[in-house]
2 protein chains.
Amino acid sequence: MSVTIKDVAKLADVAPSTVSRVIANNPRISEKTKRKVKEAMDYLGYHPNFNARSLANRSTQAIGLVMPSSADKTMQNPFFPEVIRGISTMAHEQEYALYMSTGNTEEEIFEGVVRMVQGRRVDGIVMLYSRVDDNIMAYLQEQNFPFTVIGKPFKNAEKITHIDNDNFKAAQEMTEYLLSKGHERIGFVGGNLNLVVTIDRLLGYEKAIRKAKLPLKDEYIVHEEFLKEGGQEAIKELLALENPPSALIVMDDLMSFGILHTLNELGLSVPDDISIVSFNNVMLSELSSPSLTSVDINIFQLGYEAAKGLLDCIQSPKHNPKRVTVPYKLVERQSCRTV
Amino acid sequence: MSVTIKDVAKLADVAPSTVSRVIANNPRISEKTKRKVKEAMDYLGYHPNFNARSLANRSTQAIGLVMPSSADKTMQNPFFPEVIRGISTMAHEQEYALYMSTGNTEEEIFEGVVRMVQGRRVDGIVMLYSRVDDNIMAYLQEQNFPFTVIGKPFKNAEKITHIDNDNFKAAQEMTEYLLSKGHERIGFVGGNLNLVVTIDRLLGYEKAIRKAKLPLKDEYIVHEEFLKEGGQEAIKELLALENPPSALIVMDDLMSFGILHTLNELGLSVPDDISIVSFNNVMLSELSSPSLTSVDINIFQLGYEAAKGLLDCIQSPKHNPKRVTVPYKLVERQSCRTV
DNA sequence: TTGTAAGCGTTATCAC
DNA sequence: GTGATAACGCTTACAA
């Protein structure tokens, strides 16, 4: 079949264990045999079998990715490719590969993670989201399996390495930004309320509204999926109100696009009729018309740091959990106006 | 450590092999012991170790993805997330996971593939691109390792299962579309000339131009990277001509966005000054201003079929290689006008 | 129908 | 420094 360590050993006239040592770059091996073995390896085109190695080793050089829902849906949002880009860059630096298992239902996804973990397919996991009472996170903690999360864990945050923006502050600032432009009816378009990012930002929004001594209207707060369709739903709900908001703070660019789209169909103008501050600043934000004023949350860096934190966990298991806060920055474009 | 097949065997009071048979759902095992074993597995929370299984089995239930350049760069183009979405959907249906290794240089990527293959980390590979004289493809063929390619292999196409659009025809039709709108100076903005897709489409373009008895101008043909920056470069080159094209056929939406951007900066209007027909029809196409007239090449299906073909190869190794042609469709929007 | 035992290709632990 | 040899956790003939 394929060439194994034994073949190399035979050709180099040494024991398999010696070959193994050469691979591992074991210091106490003579230069001479090292060379001899390497020649044999080259000659035979030898490559170690990773499965055998992981088995003996208990390490796979791979990290697993967990997405919030089916990759099918998830990948539609540019956030994820971008965060994966960050993860992949870091992973590559340390010669780790990425492993993603997918599923359509909560249950399937959970099973996929269990297989990754128990099956020892990966050395650690990056959770690409954080939600309230997540059973996957609970499972990983219980198993004491190395993982980091992008976003803030709802509980035990101090025990889990996580990478996040200061979402509370960001949302507060963005709301104040709209207030400063004279808006008083500000709507909040968030994702599912069990996502911690939604919660944090909602709190920031509420804080700003209260601080401005404005009434906090429940009907101005809408939750939908982080997809274009979600935005479309959201704006329909809001427009159905007798006194719709004059400005929106929207959790996700993709949703904003949905909103733009629907508004456009209805003959309403952004920013003339409604102003929008969005989040994520994905590449498209500058392409839409009008281009989106959006908060750049540094998605790439979020991913990069998450992978880095994970590799720390893996490599020094007694590492202290830490929180990394990635800075954000408002990028002003054309979707907001002063009233 | 973690619970193994032996633990289950002991608890259920059977031999390890019996447990293994239960896992494999071997028919000749009594219902009674089957139940007994399953209970033990549940009780202990047993999950098979994938590495051990692959080792004994020579199968990993994972498929590898090969990208044209560093994931870093690649993931910026929405084509890839979308094609991965398709692959992932199919993979999921058959309980395969995805495995991606990345690298910055040609050399690193090649090494990554060799490790995937020789290290038996995956059962097969999907190549996400096709280029002239690709050493990775040559390697996979030489190793007789199962793989499929998205795009048309430059040589041995009949021996390799591949999934492609009819790019020659598509480009010809799109050129004719522009001709029918009265354009006579039509530029071609392609990707790297070693990508087969560029070649095929260029040939289609040339055919249409010749058929229309128009002069084939070398200076109207530009090659850049499939990125926004590529588009910006391309349009600069074209505008520098004394008699620039009045219409462009552009290989990739991302490039088109770059072109739009630059044109906008220069105060030139699309479609009034220049018309554009683009390819890919990624989600953004309808969001830009003007929205892009773009050929929908069914990226998702490209990925889906590629994975399907691969699983065929893996599951029945003596499968005949086949070619799957995915249909395309022009989506007319606002980036073209009649002169 | 089930058990025994020999792999699968490494690494790790002892010896020498 | 290097070589035996026993894991690692599972599958699969071959026996029983």
Side-chain angles (χ1 to χ4, degrees), chain A residues 1-41 44-62 114-123, chain B residues 1-41 44-62 114-123:
Chain A
M1 186 86 222
S2 69
V3 25
T4 79
I5 210 171
K6 283 183 190 162
D7 302 322
V8 177
K10 207 165 288 170
L11 181 61
D13 201 27
V14 295
S17 45
T18 303
V19 178
S20 175
R21 288 192 185 99
V22 172
I23 297 170
N25 226 319
N26 190 314
R28 52 183 190 188
I29 203 105
S30 78
E31 276 306 321
K32 199 171 122 201
T33 48
K34 193 180 283 185
R35 208 173 320 121
K36 201 169 57 176
V37 169
K38 281 196 170 153
E39 267 167 27
M41 297 201 311
L44 295 174
Y46 168 78
H47 278 267
N49 179 315
F50 242 95
N51 291 309
R53 178 178 266 194
S54 322
L55 191 56
N57 231 354
R58 287 126 184 301
S59 114
T60 60
Q61 293 282 108
V114 172
R115 284 205 300 265
M116 279 206 240
V117 173
Q118 310 270 26
R120 304 270 175 253
R121 297 190 88 147
V122 298
D123 293 341
Chain B
M1 188 85 226
S2 69
V3 27
T4 78
I5 210 171
K6 282 184 191 161
D7 303 322
V8 177
K10 206 165 291 169
L11 181 62
D13 200 29
V14 295
S17 49
T18 304
V19 177
S20 173
R21 289 189 185 101
V22 172
I23 297 169
N25 226 320
N26 189 314
R28 51 184 190 187
I29 204 102
S30 79
E31 276 307 321
K32 196 171 125 204
T33 48
K34 193 180 282 185
R35 208 172 322 121
K36 201 169 56 176
V37 169
K38 281 194 168 154
E39 266 167 27
M41 297 201 310
L44 296 174
Y46 169 77
H47 278 267
N49 179 315
F50 243 96
N51 292 309
R53 178 178 266 195
S54 322
L55 191 57
N57 234 355
R58 286 124 187 301
S59 113
T60 60
Q61 292 282 106
V114 172
R115 284 204 301 265
M116 279 205 239
V117 173
Q118 310 269 25
R120 306 271 174 244
R121 295 190 90 149
V122 298
D123 293 340

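Just so it is clear, the structure is predicted and the values come from calculations on it, not from any experiment. Throughout, a chain's letter reflects where its sequence line sits, starting with A, and its residues are numbered from 1.
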Is any side-chain heavy atom of [X] closer than 4.5 Å to a side-chain heavy atom of [Y]?
X     : Y     : answer
B/Y46 : B/I23 : yes
B/N49 : B/T4  : no
A/F50 : B/T60 : no
B/N25 : B/K34 : yes

Using atom [atom1] of [X] as one end and atom [atom2] of [N] as the other, report the distance to the nearest whole Å.
X      : N      : atom1 : atom2 : answer
B/Q118 : C/dT10 : CD    : C1'   : 16 Å
B/I23  : D/dC10 : CD1   : P     : 7 Å
A/N26  : D/dG3  : CG    : C1'   : 14 Å
B/H47  : D/dG9  : NE2   : C1'   : 15 Å
A/N25  : C/dT11 : CG    : C1'   : 15 Å
A/R35  : D/dG1  : CZ    : P     : 15 Å
B/K6   : C/dA5  : NZ    : C1'   : 12 Å
A/M41  : C/dG9  : CE    : P     : 17 Å

Can you confirm whether B/K10 is buried at NZ, in the sense that more than 12 heavy atoms of other residues, nucleotides or ligands lie under 6.0 Å from that atom?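 No - once you tally the heavy atoms of other residues, nucleotides and ligands closer than 6.0 Å, there are 12 at most.
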Relative to the 5' end of DNA chain D, which residue comes earlier, B/N49 or B/R21, by the nucleotide with the nearest heavy atom?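 In this pair, the answer is B/N49.
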Please tell me which of the listed nucleotides, [options], lies nearest to the side chain of [X]?
X     : options               : result
A/S30 : D/dG1, D/dC10, C/dT1  : D/dG1
B/A52 : D/dT11, D/dC10, C/dG3 : D/dC10
A/T4  : C/dC14, C/dG9, C/dG3  : C/dG9
A/R28 : D/dT2, C/dC8, D/dC8   : D/dT2
A/R58 : C/dT10, C/dT4, D/dG9  : D/dG9
A/S20 : C/dT11, D/dT11, C/dT4 : C/dT11
A/L55 : C/dG9, C/dT1, D/dC10  : C/dG9

With heavy atoms under 4.0 Å as the rule, sort [X] into base, sugar-phosphate or nothing.
X     : result
A/R53 : sugar-phosphate
B/F50 : nothing
B/V14 : sugar-phosphate
B/S17 : base
A/P16 : nothing

side-chain N/O A/N57 vs C/dA12 OP1/OP2, d < 4.0 Å: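 The answer is yes; a side-chain N or O of A/N57 sits under 4.0 Å from OP1 or OP2.
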Just by distance, do the side chain of A/R120 and the backbone of A/V117 share a donor-acceptor pair under 3.5 Å?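 Yes: the side chain of A/R120 pairs with the backbone of A/V117.
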Taking atom types as they are modelled, is there a donor-acceptor pair under 3.5 Å from the base of C/dT2 to the side chain of B/T33?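 No such pair is found, so the answer is no.
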